[in-house]
Number of protein chains: 2
Amino acid sequence: MSISRTGAAVAPRMSLGSKRTEPRLVSPAGAVLPLDTIIESDCIAALERLPAGSVDLVFADPPYNLQLGGDLHRPDNSMVDAVDDDWDKFASLRDYDDFTRAWLAAVRRVMKPDATLWVIGSYHNIFRVGATLQDLGYWILNDVVWRKTNPMPNFRGKRFTNAHETLIWAAREQRSRYTFNYEALKAGNDDVQMRSDWLIPLCTGGERLKDGDGRKAHPTQKPEALLARVLMAASRPGDVVLDPFFGSGTTGAVAKKLGRHFVGIERDRDYIAHARERIALASPVGDADMLAPSEKRSEPRIPFASVVERALLQPGAVLTDGNERHQARVRVDGSIMLGDIVGSIHKIGALAQGLPACNGWTFWHYKDNGKLRLIDDLRAVLRKELAAAGG
Amino acid sequence: MSISRTGAAVAPRMSLGSKRTEPRLVSPAGAVLPLDTIIESDCIAALERLPAGSVDLVFADPPYNLQLGGDLHRPDNSMVDAVDDDWDKFASLRDYDDFTRAWLAAVRRVMKPDATLWVIGSYHNIFRVGATLQDLGYWILNDVVWRKTNPMPNFRGKRFTNAHETLIWAAREQRSRYTFNYEALKAGNDDVQMRSDWLIPLCTGGERLKDGDGRKAHPTQKPEALLARVLMAASRPGDVVLDPFFGSGTTGAVAKKLGRHFVGIERDRDYIAHARERIALASPVGDADMLAPSEKRSEPRIPFASVVERALLQPGAVLTDGNERHQARVRVDGSIMLGDIVGSIHKIGALAQGLPACNGWTFWHYKDNGKLRLIDDLRAVLRKELAAAGG
DNA sequence: ACTGGAAATGAATCAAGGT
DNA sequence: AACCTTGATTCATTTCCAG
């Protein structure tokens, strides 16, 4: 085992308003870092046994505290297999905050001075996590958005499709000289800087671990592409990556593939068994192999509403088909109106032609200085503008 | 001035660990809501003068420069005298939290029970805002990511390009029955649900307000397309939209264009002057037909018993599912019978399929000249009649 | 073996109205 | 306030199964 640079143990600052006793500041003399190992233990107890200032990178996927109500059914009446595990349940926001403060403080002690931390979460918990880590003296470098290509829809039509999760990237302290592989990321991103919004599919298919009955082995397994992006960005070969909520072991599998060491902490024996097997099967690969396939390039969907929002067409503007036989008017919400019937450009286009379906973008025209132009031309204008941002 | 529905003032919950006195819960008797007006005042002082339960929607773009001490509401100056950088940082975090709690609580008092709040921020402040609003009893509905097509690059190459900002959308309380124009958003988005990640350019070019010297009039002017998306999603024509940090007046300009009322609060006279001029130039969408949010027509409720009463189906008639696997018979009272079990079309439909619920209208069929038809078609017949009668 | 359609599924704070 | 009834609601992708 080699630890290139061990920082002094630094006292975690009192968090604002906290009255709890802080975790022990010194680790047992002679504590060692068990490399490429999963520690079966409660997260905080295990952290307190690890040597101070010993890891280069932390990736943490803590419980989200979802607070789900009753069952949720799809429109076809099938039931959504929700996260109903005990480990995600907390009695109150305050309990969740106490838990968050405890593990973040314990993790911080174990980090080298120049180490960074990644935490992933959703709106249920990420604000509490972010505020707490600021309180503890971490220094936020970026928040990063994992945009899902294939999120679960909102079945009731009561909210926006919850299509992303948030990662916080933070240094141990403001003056940390952290690792950021700027050039490598840029080279793997068509030679432009890597942005803070990442488009990556959910973990499904062969990558998703299954138990004996074909059910998912872990409810919230993260895609390897996500971890690969994280490790490629903020660690170097040979670094030690700590994951205090190891779960199905994605961090360990990707660390092994990319030539990093891992230390995992996990309480659940079933998860550990799956993770061990999975990591044993993983074989080291070149960096480029992991980076390349992650980003999915496809034509972004442009809402017709954006054409109106961006004032390329005014509300009330007249749309016609190529022969000007049908005439509809543009509404502020991006629907159009034919007679007194309101609907999308596609639905109304189909209706006008008496067809079951229609691509409104290539059916409807607008007048530009007396000349008839396809609204698809306006989409092209927006696409060009948006292209740099990726899907 | 018309306020369609005024809710009772509800005491904000004590925030976790807060020792501050809460803002007054009752507004001055006879307080009025000055519609389509900018109030020149400190944010919190102005909010406390507005009537409780009076606005439908709030959009807030709070300051997040922690060094702007003047922008912060300091209830307690006892612990300044900072020497240590860290101490200073924590003192300012605490001040920022106090300020955030104060304005969020004051806003909450002014909201109608079913109103929602939007707050925009970056990683510097959004975690503190999000945690605080949860503490105050707001119920988060979504976090929304504004992806910028043209963000400022990271010049030093030390971080990811900060290419997004985060909006939090929250209801005043968990059980609020808030406005969400689901159908309108879907119609303007190629007939698929609107996601939580929005791709919108920065405010530049002609839209960007300039002062006499050609410099930008406001440092963080938000694009109108962003506000348009927000107002179209979560408000209705005629609603009152409050912006407690009015700035350059984007909220007011878009509200006017989209037929919503606004109330703005702003302290800076220059900003107010720019905003007034800008809003005066904005022209509302004149045609109400272009403005009303698309809806799936909310149709009158028809009891199945009416179908029998009107003899569209005879008592004893046979109903089947689409595959004719299940068979039930119509009873005089509008219930149906499967085997010897009697119940509503919904209950029996669910029972037949072994499902927890079922919409009987779209499950059961009848035979019309040997052809299977949905009983929903019969409902449509009655609805059409009802509409003709002016029902 | 190949193909086309049906079925399954993913961190979800997912109803409204009347009695 | 609690309970019951009615009936509105899904996208991208993979896997399964029938032909």
Side-chain angles (χ1 to χ4, degrees), chain A residues 61-85 87-90 93 96 120-126 146 148-166 201-208 210 214-216 218-223 245 247 296 298 301 391, chain B residues 114 134 138-143 169-171 174-178 180 182-183 186 189-196 295-299 301-305 334-335 343-347 349-350 356-363 375-376 379:
Chain A
D61 183 9
Y64 287 9
N65 189 23
L66 287 183
Q67 306 176 65
L68 302 178
D71 289 341
L72 177 65
H73 295 265
R74 296 185 170 82
D76 66 3
N77 272 319
S78 64
M79 204 170 79
V80 174
D81 184 12
V83 176
D84 55 359
D85 306 72
W87 51 253
D88 196 50
K89 291 182 171 39
F90 292 82
L93 279 182
Y96 188 78
I120 185 167
S122 67
Y123 66 84
H124 310 84
N125 71 322
I126 199 66
W146 169 28
K148 303 176 183 182
T149 58
N150 48 349
M152 190 178 339
N154 184 290
F155 296 115
R156 292 289 197 156
K158 294 299 171 184
R159 304 182 179 192
F160 299 97
T161 306
N162 196 358
H164 73 277
E165 294 187 27
T166 300
L202 292 172
C203 178
T204 59
E207 190 186 320
R208 187 90 198 205
K210 303 277 169 43
R215 288 174 308 201
K216 54 190 176 191
H218 190 280
T220 68
Q221 183 180 344
K222 296 293 176 289
F245 306 98
K296 186 192 121 159
S298 61
R301 183 192 303 281
Chain B
D114 293 341
Q134 287 179 308
Y138 286 95
W139 189 247
I140 298 181
L141 300 168
N142 279 112
D143 57 337
W169 182 39
Q174 182 173 0
R175 54 185 206 165
S176 295
R177 293 196 316 217
Y178 51 88
F180 180 55
Y182 175 75
E183 292 292 344
K186 190 173 170 178
N189 191 41
D190 281 4
D191 292 318
V192 295
Q193 294 184 340
M194 186 66 78
R195 296 168 42 119
S196 57
E295 287 177 11
K296 198 152 265 182
R297 201 181 297 270
S298 78
E299 315 240 40
R301 180 170 294 218
I302 308 284
F304 182 65
S335 62
S344 69
I345 52 172
H346 312 296
K347 279 270 168 65
C358 162
N359 182 344
W361 290 108
T362 54
F363 175 72
I375 59 174
D376 207 27
R379 180 166 67 163

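Below, chain A is the first sequence line, B the second, and so on; all start at residue 1.
Below 30°, between 30° and 60°, or above 60°: for B/W169 and B/Y178 the angle between ring planes is above 60°, a perpendicular geometry.
Taking the C1' atoms as reference points, C/dA6 lies 16 Å from D/dT10, given to the whole Å. Taking atom C1' on both nucleotides, C/dG10 is separated from C/dC14 by 15 Å, rounded to a whole Å. Taking the P atoms as reference points, D/dT6 lies 31 Å from C/dA12, given to the whole Å. For the C1' atom pair drawn from C/dA11 and D/dT15, the interatomic distance equals 22 Å after rounding to whole Å. For the C1' atoms, the distance linking D/dA18 with C/dA1 amounts to 14 Å, nearest Å.
Rounded to an integer number of Å, the gap from CG of A/N77 to C1' of D/dT6 is 14 Å. Taking atom CZ of A/F155 as the reference point, atom P of C/dA8 lies 13 Å away to the nearest angstrom. Rounded to whole Å, the distance from CH2 on A/W146 to P on C/dG10 is 13 Å. Look at CE on A/M79: it is 14 Å from C1' on C/dA8, rounded to the nearest Å. What separates CZ of A/R74 from C1' of C/dG10 is a distance of 7 Å, to the nearest Å. When the P atom of C/dA15 is taken as reference, atom CZ of B/R301 falls 16 Å away, rounded to whole Å. At whole-Å resolution of the value, NZ in A/K216 and C1' in C/dA11 are 8 Å apart. The CZ-P distance, from A/R159 to D/dA8, rounds to 21 Å in whole Å.
In the model, A/Y96 has no side-chain atom that pairs as donor or acceptor with a side-chain atom of A/Q67 under 3.5 Å. A donor-acceptor pair shorter than 3.5 Å cannot be found between the side chains of A/S122 and A/E165.
Set against C/dG10, D/dT5, D/dC11, the side chain of B/K347 has D/dT5 as its closest nucleotide. Closest to the side chain of B/K296, from the set C/dG10, D/dT6, D/dT9, is D/dT9. The side chain of A/T149 lies closest to D/dT13, out of D/dT13, C/dA16, C/dT9. Set against C/dA12, C/dG17, D/dG7, the side chain of B/W361 has D/dG7 as its closest nucleotide. Closest to the side chain of A/L72, out of D/dG7, D/dT14, C/dC14, is C/dC14. Each of D/dA8, D/dT10, C/dA11 was ranked by its minimum atom distance to the side chain of A/E165; first place goes to C/dA11. Out of D/dT10, D/dA8, C/dA11, the shortest distance to the side chain of B/Q193 is found at D/dT10. Distance from the side chain of A/R156 is smallest for C/dA15 among the nucleotides C/dA15, C/dA11, D/dT6.
Contact check for B/K186 versus B/V192: no side-chain heavy atoms found under the 4.5 Å cut-off. Looking at A/Q221 and A/R208, their side chains come closer than 4.5 Å, going by heavy atoms from C-beta outward. No side-chain heavy atom of A/L72 sits less than 4.5 Å from a side-chain heavy atom of A/M79. Taking the side chain as every heavy atom from C-beta outward, A/R159 and B/Y182 never approach each other to under 4.5 Å. When side chains are defined from C-beta on, A/H124 does not count as touching A/N65, because their heavy atoms never get closer than 4.5 Å.
Distances shorter than 4.0 Å separate none of the side-chain N or O atoms of A/K158 from OP1 or OP2 on D/dT9. Within the 4.0 Å cut-off from OP1 or OP2 of C/dA15, not a single side-chain nitrogen or oxygen of B/Y182 is found. Applying the 4.0 Å criterion to OP1 and OP2 of D/dT6, one finds that B/H346 has every side-chain N and O outside that range. Put simply, B/K186 has no side-chain N or O that comes within less than 4.0 Å of OP1 or OP2 on D/dT9. A close approach under 4.0 Å does occur between a side-chain nitrogen or oxygen of B/S344 and OP1 or OP2 of D/dT6. Checking the phosphate oxygens (OP1, OP2) of C/dC14, no side-chain nitrogen or oxygen of B/R175 falls inside 4.0 Å.
In this structure, A/N154 reaches the bases: a heavy-atom distance under 4.0 Å links it to at least one base atom across the strands shown. Residue A/P62 is classed as a base contact, given a heavy-atom separation below 4.0 Å to a base. Using a 4.0 Å heavy-atom distance criterion, A/D81 is classed as a sugar-phosphate-only contact. Using a 4.0 Å heavy-atom distance criterion, B/L141 is classed as making no nucleic acid contact. Among the heavy atoms of the strands, none lies under 4.0 Å from A/C203. Within 4.0 Å of B/G360, counting heavy atoms only, lies no atom of the nucleic acid at all. Base engagement by A/P151 is indicated by at least one non-hydrogen atom pair under 4.0 Å involving a base atom. Contacts of A/E207 with the nucleic acid, taken as non-hydrogen atoms under 4.0 Å apart, are absent. Note on B/R195: nothing from the nucleic acid sits closer than 4.0 angstrom, heavy atoms only. Within the 4.0 angstrom heavy-atom criterion, no nucleotide atom of any strand lies near A/D85. Within the 4.0 angstrom heavy-atom criterion, base atoms lie near A/T220. A/G70 comes within 4.0 angstrom of a base, heavy atoms only.
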> Starting at the 5' end of DNA chain D, what dot-bracket string do you get if Watson-Crick and G-U pairs under 3.5 Å are bracketed, crossing pairs use [ ], other-strand pairs use | and unpaired bases use dots?
Replying inline: .|||||....|||||||||
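DNA chain C is contacted by both B/Q174 and A/K222; A/K222 maps to the nucleotide lying nearer its 5′ end (nearest heavy atom per residue). Both A/P153 and B/I302 lie close to DNA chain D; mapped to their nearest nucleotides by heavy-atom distance, the more 5′-ward contact belongs to B/I302. DNA chain C is contacted by both A/K210 and A/H124; A/K210 maps to the nucleotide lying nearer its 5′ end (nearest heavy atom per residue).
Taking the ring axis of A/W146 as reference, the NZ or CZ atom of A/K148 stays within 45° of it and closer than 6.0 Å to the ring centre.
Checked by atom type and distance alone, the side chain of B/D114 pairs as donor or acceptor with a backbone atom of B/R177 at under 3.5 Å.
A donor N or O paired with an acceptor N or O is not found under 3.5 Å between the base of C/dA11 and the side-chain atoms of A/K148.
The pair A/K216-A/D81 meets the salt-bridge criterion, with a side-chain N (NZ, NE, NH1 or NH2) lying under 4.0 Å from an Asp/Glu carboxylate O.
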